[in-house]
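Structure, as structure tokens:
All chains are named by letter (A, B, ...) in the order of the sequence lines, taking the proteins before the strands, and each is independently numbered beginning at 1. Computed from a predicted structure; not experimentally measured. Hydrogens, waters and symmetry mates play no part in the numbers below; they use all other heavy atoms, side chains included.
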Amino acid sequence: MTQLPGLLDTEAIRKDFPLLDRVVHDGKKIVYLDNAATSQKPRQVLDALNEYYEQHNANVHRGVHVLAEEATALYEGARDKVAAFINAPSRNEVIFTKNASESLNLVANMLGWADEPYRVDSETEIAITEMEHHSNIVPWQLLSQRTGAKLKWFGLTDDGRLDLSNIEEVITEKTKIVSFTLVSNIMGTVNPVEAIVRRAQDVGALVLIDASQAAPHMPLDVQALGADFVAFTGHKMCGPTGIGVLWGRQELLEDLPPFLGGGEMIETVSMHSSTYAPAPHKFEAGTPPIAQAVGLGAAVDYLTAIGMDKIAAHEHAITEYAIKRLLEVPDLRIIGPTTAEDRGAAISFVLGDIHPHDVGQVLDEQGIAVRVGHHCARPVCLRYGIPATTRASFYLYSSPAEVDALVVGLENVRKFFG
Amino acid sequence: MTQLPGLLDTEAIRKDFPLLDRVVHDGKKIVYLDNAATSQKPRQVLDALNEYYEQHNANVHRGVHVLAEEATALYEGARDKVAAFINAPSRNEVIFTKNASESLNLVANMLGWADEPYRVDSETEIAITEMEHHSNIVPWQLLSQRTGAKLKWFGLTDDGRLDLSNIEEVITEKTKIVSFTLVSNIMGTVNPVEAIVRRAQDVGALVLIDASQAAPHMPLDVQALGADFVAFTGHKMCGPTGIGVLWGRQELLEDLPPFLGGGEMIETVSMHSSTYAPAPHKFEAGTPPIAQAVGLGAAVDYLTAIGMDKIAAHEHAITEYAIKRLLEVPDLRIIGPTTAEDRGAAISFVLGDIHPHDVGQVLDEQGIAVRVGHHCARPVCLRYGIPATTRASFYLYSSPAEVDALVVGLENVRKFFG
Amino acid sequence: MKLESMYQELILDHYKHPRGRGLRDGDAEVHHVNPTCGDEITLRVKYDGETLTDISYEGQGCSISQAGASILNELLVGKQLAEAQKIQALFLELMQSKGKLEPDEAMEEVLEDAVAFAGVSKYPARVKCALLSWMAWKDATAQALGDAERKTA
Amino acid sequence: MKLESMYQELILDHYKHPRGRGLRDGDAEVHHVNPTCGDEITLRVKYDGETLTDISYEGQGCSISQAGASILNELLVGKQLAEAQKIQALFLELMQSKGKLEPDEAMEEVLEDAVAFAGVSKYPARVKCALLSWMAWKDATAQALGDAERKTA
Ligand SMILES: Cc1ncc(COP(=O)(O)O)c(C=O)c1O
Ligand SMILES: Cc1ncc(COP(=O)(O)O)c(C=O)c1O
């Protein structure tokens, strides 16, 4: 077995993940390398879900009965856990949404309906980057169409990094919000937060960081980031589907208008008018994803027990090894950084002129699950003049042996279409 | 044991629901009468969730690997099941949301951004009723504030029914949308759909029906209702938290603009502009609640196997019995219809001048879980001049013995505060 | 029965026979609502720069919230502001203790009848009821103080 | 290996050596995209009121979608419209069969080389690839027909 410095004991960890024992296509054990799309779930998270539904299930907040009190304590307890996980100054800054996409849309909508000084309108500008996930593009395109605000973009360098050379033109005195991803889901690039935040603060723009590909993989400290909002999603970090998080600075959450209206988010309702509950409830209309929050809390416990720094070190080692091995495959071109520095564990590539769809299909037949396509980041494909990529992405349970399996699999792809 | 015509075999059914064996407060088996807030989950639904996570978990739609294909088939299969459950003309008319509140907000937002003839603006009107859940009030208050449209209300009669006597003033030629609940969550009232739909159609207004308290309890046929949109929520109908449904007529879903932007809901994205996927995907931005949809599909299977007509008959019998027994309690006043006709299984009441909070607390001590407060329908409380109610609400697993336990519990409440 | 630990005789007595209820003249008025249950209180504070000369209130809600207002009135009216604030802080601590704080004699001396609420602290949903009038009082007092300062400034 | 059932020799051959590729003069043009994978096709139909005299195309995508366009061109060019529509309907049926339809001789007679796609029908994610050009053709033909009718009207 390949030994790399910094590796976790994946053999032990894999025992926690029932799906990793799955056998596909007549006897092939799955090699799951689609972690940037979604992660697998440890037994501990599934147990928390089952225990919630079997022992404590009730609607939260408005009940005096024991189940309602337990469910509320579990739901709000999950908020405490998430707040600690991201080092939020206050638990009330943690809003539960349905996924990162809702979190990002929430901010875009708040700013569209906000009063000065936050209001985005036709006199103002929005700045994003060419490597954003569609979920951090389309909300701003919609906001721009609906308000007349101008949408500006950071471009990319040839080696898959943000081009900040024109930062003063992209972020200007007119910019109200700068939204960018901490880690690219297609290229793995880790972006330079400090430079962007500094410029944004200089011009008085708010900063929203899409941490969907960061929260699962590295220590996340919202205070250290210096942003105003941070969004991420539960299902990529060992949590259930159906839950996302938006963290926002308390003063902003107080000042900004609500998004969805309904039960739970009000203080008092009459036919004449309504007043809103304080954050986070103001932004959580309707019955929240209770079980899913509990599951996310369990996921956060699980990741914390292993240690986010250890997980980051493990992934760094795997990524370094994977890049080295992949570059040995003839005709393989990595789209994005070709070293493991400032880079996450998602690696996109093209293989000669074999279409990624075909690459993925032949890998699948060998039990290797990768993702193919534009990975909800089509502007990146356009930028590099390719229709799509094949992406292998790793997580805390990924092993060097799985990298080896991928490389063998790719050799078979080349033979098949050779 | 009390025998009533139409009762289901609750002893057998209760075996499917692990939580109903829960013991609280030193040995008291729970009497769960808070079903209008949320339902308990049968083993079959929990099994479906576990099987999904342990065997098939992957992100949907964009993968060629076997897990992604299985997850997609399960997710889209759940859509088929829900479509059949509500007799939708097409599966593409079923949109998965996070809860009924999001479904209702979705419609309000679509209409705010729509082109003519759907656009809600300052020249137009919106009609709702005084018995709506806050989730069907606040979105319209927000829309009204943001567009200048006038919000109009149907009032209530003294016996808890909609007052349609001024229907021609409430729904006018200016009305763009009429939104009302099929079954009141606080009073149990079943509303007369046909009269409202007919008037709305006469003036060319769209109709949105909030079926959150109907879908769990009676056969639901969106074609027979004649509405344009129908919203409901998974957790009240034996499904998981974190999932809701919006059904909408296909032509409308095609014509109306999207709400949340992001992955999955696009056809193609460039820096210049984006085009949207056809419905339902156009309205499902980001990773959907995959496991929750699968769970809801299992819930629909479970309910269908028992039979929605049988469930309705069971609840009718229980409601009739409960009303009779409750009216025997001195000083108890039911808020809402006092017969079981055109009425669901949620019964609100006040008990002399004992505050509902205190009623609920003393019932809880006896293991009886009811909900107290304004039940997210504060205008109803204002209308009847009460601060709050105590609400007992029944479901397919509720038994006459539980009604008896409630009545004994209320006697104890009276003694305690006597 | 655990219930008696919440519904102490004394609490029920204050609920049935509220002390000092009704709105009278004051220097500041606030209206507080508990959104989870709809309990409401309107409360006025009269403060002569040293002593809380009156705390008057009107409200509706459960026995806990209503008894709370009555006991607050009994306990704080006539007290010097600093002392009242000390009492409020201790009461808050007791209520947030989740049933873990056993009131001792020292505490009883400060809180008097209000120690009867110790049992309520075990019920998270009811802690807010118990604190409703205390939070309203804190808020009204801050306003009255602000006004007083503005007048002297 | 199940894979060979999808990637028939014949499909790979059409992929590597596409027939009739390139955009030529036509009566209607459409552009179709498969949003799940980004496969694209631009397709033109030339129709003289009776016979499909040309179907020209340009596109990018996987072997299945590209081979699909090539086989479509080979199969439909020169056919009468009604016949082409019959072929399209049968191909659609085959592709939606989830691997359950075994092509028999009668089917082979109609679909010719296109029966090679039978194996693809087992892969839901790839069925869309196989159908991309066929859907584009159907759409373009409807447009060409509409134009023709408008001209004669
Ligand atoms: C009538 C009615 N409408 C809407 C809702 C909102 O449902 P949810 O909280 O799941 O969004 C509820 C339940 O809370 C309800 O009873
Ligand atoms: C960088 C990035 N942002 C946003 C998202 C959207 O997350 P979700 O689909 O859970 O809303 C994803 C993942 O799909 C992502 O990788």
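At a threshold of 4.0 Å, the pair A/E132-A/R378 does not count as salt-bridged, since none of the basic side-chain nitrogens sits closer than that to a carboxylate oxygen. Classification of B/K282 and B/E267 as a salt-bridged pair fails, no side-chain N sitting under 4.0 Å from a carboxylate O.
Aromatic ring centroids of B/F96 and B/Y75 lie under 6.0 Å apart. A/H374 and A/H134 have their aromatic ring centers within a separation under 6.0 angstrom. Taking the six-membered ring wherever Trp is involved, the centroid distance between the rings of A/F259 and B/F259 falls below 6.0 Å.
In this structure, chain A has a heavy atom under 4.5 Å from the backbone of B/V60, while its side chain stays farther away. Using a 4.5 Å cut-off between heavy atoms, B/E284 makes no contact with chain A at all. Contacts between B/V370 and chain A at a heavy-atom distance below 4.5 Å involve the backbone alone (N, CA, C, O). Contact of A/N99 with chain B is made through the side chain alone, with heavy-atom distances under 4.5 Å. Looking at A/R146, the atoms closer than 4.5 Å to chain B (heavy atoms on both sides) sit in the backbone and in the side chain alike. Heavy atoms of B/D34 lying under 4.5 Å from chain A belong exclusively to its side chain. With a threshold of 4.5 angstrom between heavy atoms, B/L104 does not approach chain A through any atom at all. Proximity to chain A is absent for every atom of B/T233, based on heavy atoms less than 4.5 angstrom apart. Both the backbone and the side chain of A/L260 come within contact range of chain B, each with at least one heavy atom under 4.5 Å from a heavy atom of that chain. Interface residue B/W113: only side-chain heavy atoms are found under 4.5 Å from chain A. With a threshold of 4.5 angstrom between heavy atoms, B/Q141 approaches chain A through side-chain atoms but not through N, CA, C or O. For B/S144, no part lies near chain A; criterion is any non-hydrogen pair under 4.5 Å. In this structure, chain A has a heavy atom under 4.5 Å from the backbone of B/P288, while its side chain stays farther away.
Ranked by heavy-atom pairs shorter than 4.5 Å toward chain A, the options B/Q145, B/H56, B/M265 are led by B/H56. Put simply, of A/R371, A/H375, A/Q40, the one with the most heavy-atom pairs under 4.5 Å next to chain B is A/R371. Taking chain B as the reference chain and counting heavy-atom pairs below 4.5 Å, the highest number among A/R43, A/K236, A/H25 is found for A/R43. Put simply, of A/G360, A/A108, A/S274, the one with the most heavy-atom pairs under 4.5 Å next to chain B is A/S274. Chain A forms more heavy-atom pairs under 4.5 Å with one residue of B/L49, B/N50, B/N105, B/V66 than with any other, namely B/N105. The greatest number of non-hydrogen atom pairs below 4.5 Å with chain B, out of A/N136, A/L19, A/L142, A/I137, is found for A/L19. Chosen from B/V138, B/D364, B/T241, the residue pairing most often with chain A at heavy-atom distances under 4.5 Å is B/T241. Contact count against chain A (heavy-atom pairs under 4.5 Å) is highest for B/N59 among B/N59, B/T38, B/V45. For the set B/G367, B/C381, B/A377, B/A285, the entry with the most heavy-atom pairs within less than 4.5 Å of chain A is B/A285. Heavy-atom pairs under 4.5 Å with chain B peak, among A/T268, A/I243, A/L363, at A/T268. When each of B/R383, B/K98, B/M271 is scored by its heavy-atom pairs under 4.5 Å with chain A, the top score falls to B/M271. Interface remark: of the candidates A/L67, A/I30, A/V372, A/L143, A/L67 forms the most heavy-atom pairs closer than 4.5 Å to chain B.
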- Kindly indicate, with the supporting measurements, whether the criterion side-chain contact (heavy atoms from CB on, under 4.5 Å) is fulfilled by B/D16 and B/Q44. CA-CA 7 Å; B/D16 292 332; B/Q44 289 83 340; 3.6 Å; yes

- Are A/F17 and A/S39 close enough, and set up right, to give a side-chain contact (heavy atoms from CB on, under 4.5 Å), and what steps lead you there? CA-CA 10 Å; A/F17 291 81; A/S39 71; over 6 Å; no

- Task: Any chance you could lay out the side-chain contact (heavy atoms from CB on, under 4.5 Å) test for A/E70 and B/R22, step after step, and finish with the verdict?
- Result: CA-CA 13 Å; A/E70 290 172 359; B/R22 173 72 197 273; 2.7 Å; yes

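Side-chain atoms of A/T129 do not come within 3.5 Å of backbone N or O of A/F154 as any donor-acceptor pair. Using a distance-only test at 3.5 Å, with no hydrogens or angles considered, no donor-acceptor pair links the side chain of A/Q55 to the main chain of A/E51. Using modelled atom types, one side-chain atom of B/N35 and one backbone atom of B/Y32 make a donor-acceptor pair closer than 3.5 Å. Here the side chain of B/K28 pairs a donor or acceptor atom with the backbone of B/E365 at under 3.5 angstrom. Between the side chain of B/K41 and the backbone N or O of B/G295, no donor-acceptor pair lies under 3.5 Å.
Within the model, atoms OG of A/S273 and CG of B/L151 stand 11.5 Å from one another, a figure rounded to the nearest 0.5 Å.
Between the side chains of B/H133 and B/S135, at least one donor N or O sits under 3.5 Å from an acceptor N or O.
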